[in-house]
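Each remark here refers to the structure printed beneath this line.
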Amino acid sequence: MEKKRIKLNALQSKTLVLLQILARDSDSATPVGDNGDIRITRLPHAHGNHMHVGEFVIASRDATGLSNKSVWTALRRKGLVRENWEEEIILTAEGLAFSTGLENKFLTASDH
């Protein structure tokens, strides 16, 4: 039997790709055990109309899902983040590997 395909809306996809970028940044994340899960230790804060996520600059409007409870609930329900996201953010191995299709769509390298 084929595994059900996970579908994300635009805001969920943007939020997940930001978490994936943070998970790959050693200043923002650490591994959790040996199962491939990653703890996000630092979320970026917007200044002006943008924020820095790893080596990238992200428009603040593309990061609104980071503070949206409904987005976190959906990502948890789909197994992409762990259940205790309100206390600590753990991106699951499935969440890290999930392709949103946005990996290169709204990211630009930082010039400052």
In this structure, would V71 and I38 fall into the same cluster of hydrophobic residues linked by side-chain contacts under 4.5 Å?
yes
Would a distance-only check, ignoring hydrogens and angles, find a side-chain to backbone donor-acceptor pair under 3.5 Å from [X] to [Y]?
X   : Y    : result
Q12 : N9   : yes
K78 : K7   : yes
S13 : T100 : no
S28 : L22  : no

Is a donor from one side chain sitting under 3.5 angstrom from an acceptor on the other, for H52 and H45?
no
Decide yes or no on side chain to side chain contact (heavy atoms under 4.5 Å, CB included) for L96 and R24, but give the supporting numbers first.
CA-CA 9 Å; L96 188 60; R24 292 179 179 99; 4.0 Å; yes
Residues 29-49 vs salt bridge (Lys or Arg N to Asp or Glu O under 4.0 Å), sequence neighbours excluded, gives D25-R42, D37-R82, R39-E88
On a heavy-atom basis, which atom in [X] and which in [Y] lie closest, and how many Å separate them?
X   : Y   : value
A23 : L91 : CB-CD2, 3.8 Å
T92 : V81 : CG2-C, 3.9 Å
A63 : M51 : CB-SD, 3.6 Å
A46 : S60 : CB-OG, 3.3 Å
V32 : I90 : CG2-CD1, 3.7 Å

To the nearest 0.5 Å, tell me how far [X] [atom1] sits from [Y] [atom2].
X   : Y   : atom1 : atom2 : answer
L18 : D62 : CG    : CG    : 7.5 Å
L8  : F98 : CG    : CZ    : 4.0 Å
E94 : L75 : CD    : CG    : 13.0 Å

Decide yes or no for L19 and L66: does some side-chain heavy atom of the first lie under 4.5 Å from some side-chain heavy atom of the second?
yes
For the residue pair T73 and K69, establish whether any side-chain heavy-atom pair is separated by less than 4.5 Å.
yes
